[in-house]
Amino acid sequence: NAGVTQTPKFQVLKTGQSMTLQCAQDMNHNSMYWYRQDPGMGLRLIYYSASEGTTDKGEVPNGYNVSRLNKREFSLRLESAAPSQTSVYFCASSSGSVVYEQYFGPGTRLTVT
Amino acid sequence: GQQVMQIPQYQHVQEGEDFTTYCNSSTTLSNIQWYKQRPGGHPVFLIQLVKSGEVKKQKRLTFQFGEAKKNSSLHITATQTTDVGTYFCAGQTSGTYKYIFGTGTRLKVLA
């Protein structure tokens, strides 16, 4: 039982390049989330998916797209990376039942030069 | 849009002293969660509060949810070096699955 896994762990991109961050959970959770955390800051919600087949914008969706591929997987795509997207990206999942405890993955540290 | 603020931003305490962090939302919340993040790690869930005026305890940690469901606090009694990290609150408003995280309070405990 791995919980929430994220790949890659580290990535360096040049401005304008694209990439997809992968996230998978094996807890049969309905809801999944993507957050970004800038140095010394809190977590800001980028996109979330309340259930398979649905996605919604969070606080900072500009420059990102998401896909809820199936119940297990929720990917985040940067179409044209910018230095302002340098951050640590966390994926989380939640059962979406009475207690919405979010389980976080280990994070992807992304640097855009 | 909804905003969640936390104070203080940083707190240094001597081991054995108490610590409190406060969380304030601009809107009424349906529930609030607290998370702890160790340096270099990911957030780990501590607790969820749902009812107005609710108080919950976990060993040395006491969590409160305000009567108006717009504020919350986390109090740690007799801090230990293992309490080091950043504590975040996260609020959910009714009718949505999303959580807005507070700005966090970074706790340092001096031995």
Side-chain angles (χ1 to χ4, degrees), chain A residues 2-6 9-10 23 25 27 29-62 66 68 74 87-109, chain B residues 1-11 21-27 29-51 54 56 58 63 65 85-108:
Chain A
V4 179
T5 56
Q6 291 183 239
K9 285 188 167 51
F10 301 93
C23 174
Q25 51 92 8
M27 296 172 282
H29 283 170
N30 291 317
S31 303
M32 296 185 75
Y33 306 81
W34 276 106
Y35 295 91
R36 62 177 286 175
Q37 185 173 36
D38 300 318
M41 303 269 295
L43 294 103
R44 290 185 292 171
L45 181 65
I46 305 171
Y47 271 94
Y48 67 104
S49 171
S51 61
E52 186 180 355
T54 68
T55 60
D56 285 287
K57 293 178 181 180
E59 300 170 89
V60 289
N62 291 345
V66 290
R68 184 75 183 266
F74 189 38
S87 191
V88 179
Y89 291 84
F90 287 103
C91 175
S93 71
S94 169
S95 66
S97 63
V98 177
V99 178
Y100 297 95
E101 174 179 352
Q102 294 181 61
Y103 292 81
F104 283 80
T108 293
R109 191 174 296 273
Chain B
Q2 180 190 359
Q3 291 188 338
V4 179
M5 302 299 293
Q6 269 182 266
I7 55 169
Q9 193 174 0
Y10 301 97
Q11 185 83 58
T21 174
Y22 300 91
C23 180
N24 291 288
S25 169
S26 59
T27 58
L29 302 170
S30 59
N31 66 81
I32 194 160
Q33 299 178 339
W34 285 91
Y35 290 82
K36 177 183 178 180
Q37 184 177 26
R38 293 184 186 275
H42 59 273
V44 175
F45 176 83
L46 294 176
I47 208 160
Q48 177 172 300
L49 305 171
V50 178
K51 298 176 184 174
E54 188 169 15
K56 286 190 176 180
Q58 288 180 350
F63 304 85
F65 200 9
T86 302
Y87 292 85
F88 293 100
C89 61
Q92 184 188 49
T93 51
S94 180
T96 175
Y97 283 89
K98 68 180 182 183
Y99 280 84
I100 302 300
F101 275 73
T103 43
T105 296
R106 186 181 299 178
L107 174 64
K108 271 195 170 180

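Every chain is numbered from 1 and lettered A, B, ... according to where its sequence line falls, protein lines coming before strand lines.
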Heavy-atom pairs under 4.5 Å with chain B, option from A/Gln37, A/Glu101, A/Arg109 with the top count: A/Glu101
Checked A/Ala92, A/Ser51, A/Ala50 vs chain B; the most non-hydrogen pairs under 4.5 Å come from A/Ala50
So for [X], is it side chain, backbone, both, or neither that comes closer than 4.5 Å to the heavy atoms of chain B?
X        : answer
A/Tyr33  : side chain
A/Leu43  : both
A/Tyr35  : side chain
A/Gln102 : both

Quick check: does any side chain N or O of B/Gln33 sit under 3.5 Å from a backbone N or O of A/Tyr100, one acting as donor and the other as acceptor?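 Looks like yes, one N/O pair under 3.5 Å.
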Give the minimum heavy-atom separation between A/Phe104 and B/Pro43, together with the two atoms involved.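 For A/Phe104 versus B/Pro43, the nearest heavy atoms are CD1-O, 3.5 Å.
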Rounded to the nearest 0.5 Å, what separation is found between the NZ atom of A/Lys57 and the NZ atom of B/Lys98?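 These two atoms lie 11.0 Å from each other.
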Centroid separation B/Tyr97 to A/Tyr48 less than 6.0 Å: no
Region of B/Gln92 in contact with chain A, defined by heavy-atom distances below 4.5 Å: side chain
Does any heavy atom of chain A fall under 4.5 Å from the side chain of B/Tyr10, the backbone, both, or neither of them?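 Contact with chain A involves no heavy atom of B/Tyr10 at all.
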